[in-house]
Student: 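Sharing a structure, written as structure tokens. Questions coming.
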Amino acid sequence: MNDAIDAATELLASSVMNYRGHPVGTVAAMDPAGAVAANYHDCFIRDFIPSALVFMADGNHAIVRNFLRTVLELRSQHKCIHGHELEPAMLPASFRVIHDPEAGESIRADFGDQAIGRVAPVDAMMWWVVLLGIYQRMSGDQALASEERVQRALRGILDLTLKEGFEVFPTLLVPDGAFMIDRRMGVYGHPLEIQALFYAMLITALDLLDETPENRALRDLSAKRATSLRSYLRFFYWLDLNQLRSIHRYRTEEFGDGSINMLNIYPESIPEWVADWLPDRAGYLVGNLGPGRMDFRFFALGNLLSILFGVTTREEAARIMFLYSDRWPDLVGEMPCKLVYPAVDGKEWVFMTGSDPKNVPWSYHNGGNWPVLLWAFTAAALKIGRGDLAQLAIETADRALPVDQWPEYYDGKRGNLIGRRAHMNQIWTAAGYLFAHRLMANESLVEIFPQGPE
């Protein structure tokens, strides 16, 4: 195990990206075969999160401070389409340091225009705010968040995400491809991962935004939205056998205040697998919800972040962990953890993914296993006193990850095959592994994450 930790530490250190003599992030992958996708030479905002957690756990706050400032400065680089400009609050998906012998050193941001699908990332600005809050708690540096440009950025992000629209739900509407699942996978609408991040961002921003008359209305709106969002997720997204039995007997086309099936979910939309798969003592938050639509798939990161950020009640969190323990072969298997369960296949795969050859059943985002999730699983398990599950997951990773050269993801129902198109020496795989070990060595690290009031 010590050899594995040393190898992961060495890989993380070698991935550090420098700009003007200062470390500002980590590249996405350092595949020894050199077959790294063009954009994997970038530092992705979401990918840097586990790296940042490891750096700060080790007392290296400077690289995180530099990263936060660098991302903020890059906002001015976004390209404008006449008549359709990106919001000034939008943060880039990634950035790259370019070394030109003639032009010198420069840094270039990607706002999604270089990505597959050309979708601007919704989660980047949320992770940036959450990381800023974690950095302040761990470093004790109050000055960065108080800088006027940071305060302006926080106001801009809140203005953007709290804008009034045609929706009457407290959840945030986003398109396909706007977060970690960055390909067409039927996650448009109100995906759980974004709602958990949205909640964490709101409560973090409340801690960071100065209490001034200028900010009073925005702070009040953020507090109200966070409270209503958490209540909505707990009530409408929660699924256990009792709730499933209720949905099975739902009446549809109900009107008025007395309606029970307020979102008009059709019982016929319940997939065959869920009733036999869901244990009596378990439950989870469904992956997506909207008018006439409930996505019954289990999305790991959304559920784990919901536990970590206090979206779920403690009882719900415990029942999600019972789901993991009772369905370990399905949700963990031979590499923690499966991103989405179950995979979609057949005609559903054709129509949902557009016949995406990378998202074939039990691969990549369609039921693949992603070892980066180990850090979130470990943190969530420790938070509710299930260190036994965290230890079991880490031991599984201990055996495979170093030998397999830190793959990006694994394929197969059991997650026992290195992903067909997975990069080796994926940095967030190594960083997620390292932070999971840091958490086991120091459980108080669980307390660095944002927590809303009960």
Side-chain angles (χ1 to χ4, degrees), residues 171 179-181 185-197 233-234 236-245 247 265 269-290 293-309 311-313 315-345 348-349 352-353 359 361-374 376-381 384 386 389 393 409-415:
T171 45
F179 57 108
M180 180 185 172
I181 299 178
M185 264 288 289
V187 292
Y188 62 88
H190 310 87
L192 176 63
E193 179 182 326
I194 289 298
Q195 312 316 319
L197 275 172
L233 293 173
R234 288 177 175 180
F236 286 101
Y237 277 63
W238 181 253
L239 184 72
D240 56 19
L241 278 178
N242 285 335
Q243 179 64 7
L244 188 64
R245 293 183 185 111
I247 296 171
I265 305 299
S269 69
I270 299 174
E272 292 182 2
W273 60 268
V274 70
D276 292 333
W277 184 76
L278 187 56
D280 286 340
R281 64 175 183 170
Y284 64 99
L285 298 171
V286 297
N288 211 331
L289 190 67
R293 179 193 184 204
M294 179 176 282
D295 188 340
F296 289 85
R297 288 177 293 174
F298 177 84
F299 287 77
L301 188 54
N303 275 274
L304 296 174
L305 293 181
S306 294
I307 294 173
L308 203 52
F309 299 148
V311 172
T312 60
T313 66
E315 179 186 354
E316 289 169 347
R319 297 183 73 183
I320 292 170
M321 282 298 153
F322 279 134
L323 183 64
Y324 267 104
S325 62
D326 292 352
R327 295 292 179 261
W328 191 265
D330 294 333
L331 300 181
V332 179
E334 297 189 27
M335 177 51 60
C337 297
K338 192 162 291 297
L339 184 65
V340 179
Y341 183 87
V344 295
D345 56 13
E348 186 180 12
W349 169 78
M352 181 178 287
T353 73
N359 272 335
W362 307 110
S363 180
Y364 202 55
H365 293 146
N366 187 16
N369 289 41
W370 289 72
V372 66
L373 298 179
L374 181 62
F377 179 81
T378 301
I384 60 167
R386 292 305 306 269
L389 293 181
Y409 65 95
Y410 287 76
D411 289 343
K413 287 187 177 182
R414 293 184 292 126

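Keep in mind it's a predicted model, so treat the numbers as computed, not measured.
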Student: I'd like to know whether Tyr284 forms a side-chain contact (heavy atoms from CB on, under 4.5 Å) with Leu278, so could you lay out the CA-CA distance, the side-chain angles of the two residues, the decisive distance to 0.1 Å, and finally the verdict.
Tutor: CA-CA 9 Å; Tyr284 64 99; Leu278 187 56; 3.9 Å; yes
Student: Quick one: ring-ring contact (aromatic ring centres under 6.0 Å, His included) partners of Tyr364, sequence neighbours excluded?
Tutor: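 Listed in chain order: Trp370, Tyr409.
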Student: Taking only distance into account, with no hydrogens and no angle test, what donor-acceptor pairs under 3.5 Å do side-chain atoms of residues 185-192 form with protein atoms, sequence neighbours excluded?
Tutor:
unit_1	atom_1	unit_2	atom_2	d
His190	ND1	Leu289	O	3.0
His190	NE2	Glu167	OE1	2.5

Student: Find the distance between CG (Asp240) and CG (Leu323) and round it off to the nearest 0.5 Å.
Tutor: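 Taking CG in Asp240 and CG in Leu323, the distance rounds to 11.0 Å.
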Student: Given side-chain contact (heavy atoms from CB on, under 4.5 Å), test Tyr324 with Leu304 step by step and report yes or no.
Tutor: CA-CA 11 Å; Tyr324 267 104; Leu304 296 174; 4.0 Å; yes
Student: Sequence neighbours excluded, which residues qualify as ring-ring contact (aromatic ring centres under 6.0 Å, His included) partners of Trp349?
Tutor: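 Per chain and number, Trp349 pairs via ring-ring contact (aromatic ring centres under 6.0 Å, His included) with no residue.
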Student: Can you tell me if Asn366 uses its side chain to pair, donor with acceptor, with the backbone of Asn359 under 3.5 Å?
Tutor: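 The answer is yes, because a donor-acceptor pair under 3.5 Å joins these two groups.
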Student: List for me each residue that meets ring-ring contact (aromatic ring centres under 6.0 Å, His included) alongside Phe179, sequence neighbours excluded, and say none if there are none.
Tutor: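 For Phe179 there are no ring-ring contact (aromatic ring centres under 6.0 Å, His included) partners, ignoring immediate neighbours.
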Student: Keeping Asp295 on the side-chain end and Val286 on the backbone end, is there a donor-acceptor pair under 3.5 Å?
Tutor: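 Between the backbone of Val286 and the side chain of Asp295 there is no qualifying donor-acceptor contact (under 3.5 Å).
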Student: Side chains of Trp362 and Lys338, heavy atoms from C-beta outward: is any pair under 4.5 Å?
Tutor: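 Yes, their side chains come closer than 4.5 Å.
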Student: What is the minimum heavy-atom distance between Ala275 and Leu244, and which atoms define it?
Tutor: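 Closest approach of Ala275 to Leu244, heavy atoms only: CA-CD2, 3.7 Å.
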Student: Are any non-hydrogen side-chain atoms of Leu389 and Val332 less than 4.5 angstrom apart?
Tutor: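 The answer is no; the side chains never approach within 4.5 Å.
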Student: Quick one, Asp330 with Trp277, criterion side-chain contact (heavy atoms from CB on, under 4.5 Å). Give me CA distance, side-chain angles, the key distance, then yes/no.
Tutor: CA-CA 10 Å; Asp330 294 333; Trp277 184 76; 2.8 Å; yes
Student: Just by distance, do the side chain of Asp345 and the backbone of Pro361 share a donor-acceptor pair under 3.5 Å?
Tutor: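 Here the side-chain-to-backbone pair does not exist.
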Student: So which atom in Thr312 and which in Ala317 form the shortest heavy-atom distance, rounded to 0.1 Å?
Tutor: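 It is OG1-CB, 3.6 Å.
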Student: A side-chain contact here means heavy atoms from C-beta on lying under 4.5 Å apart; do Ile320 and Ile384 qualify?
Tutor: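 No, every pair of side-chain atoms sits at 4.5 Å or beyond.
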Student: Between Ala196 and Leu305, which heavy-atom pair has the shortest distance, and what is it?
Tutor: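 Shortest heavy-atom contact: CB-CB, 4.1 Å.
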Student: Can you find a heavy atom in the side chain of Phe296 that is under 4.5 Å from one in the side chain of Pro271?
Tutor: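 Yes - at least one pair of side-chain heavy atoms lies under 4.5 Å apart.
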Student: Counting only N and O atoms by type, is there a donor-acceptor contact under 3.5 Å from the side chain of His365 to the main-chain atoms of Met180?
Tutor: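 Present.
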Student: Compare all side-chain heavy atoms of Tyr237 with those of Val311 and state whether any distance is below 4.5 angstrom.
Tutor: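 Contact flag for Tyr237/Val311 side chains = no.
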Student: Would Leu285 and Gln195 count as a side-chain contact (heavy atoms from CB on, under 4.5 Å) if you check the C-alpha gap in whole Å, the side-chain angles of each, and the deciding distance to 0.1 Å?
Tutor: CA-CA 11 Å; Leu285 298 171; Gln195 312 316 319; over 6 Å; no
Student: Looking at residues at least two apart in the chain, or sitting in another chain, which of them share a salt bridge (charged side-chain N to carboxylate O under 4.0 Å, His left out) with Glu334?
Tutor: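 Salt bridge (charged side-chain N to carboxylate O under 4.0 Å, His left out) check on Glu334 returns Arg414.
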Student: If you take all heavy atoms of Arg386 and Ser325, which pair is closest and at what distance?
Tutor: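 Taking every non-hydrogen atom into account, NH2-CB, 4.3 Å.
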Student: Using the test salt bridge (charged side-chain N to carboxylate O under 4.0 Å, His left out), find all partners of Arg281 that sit at least two apart in sequence or belong to another chain.
Tutor: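 With neighbours one apart ignored, the set is Asp326.
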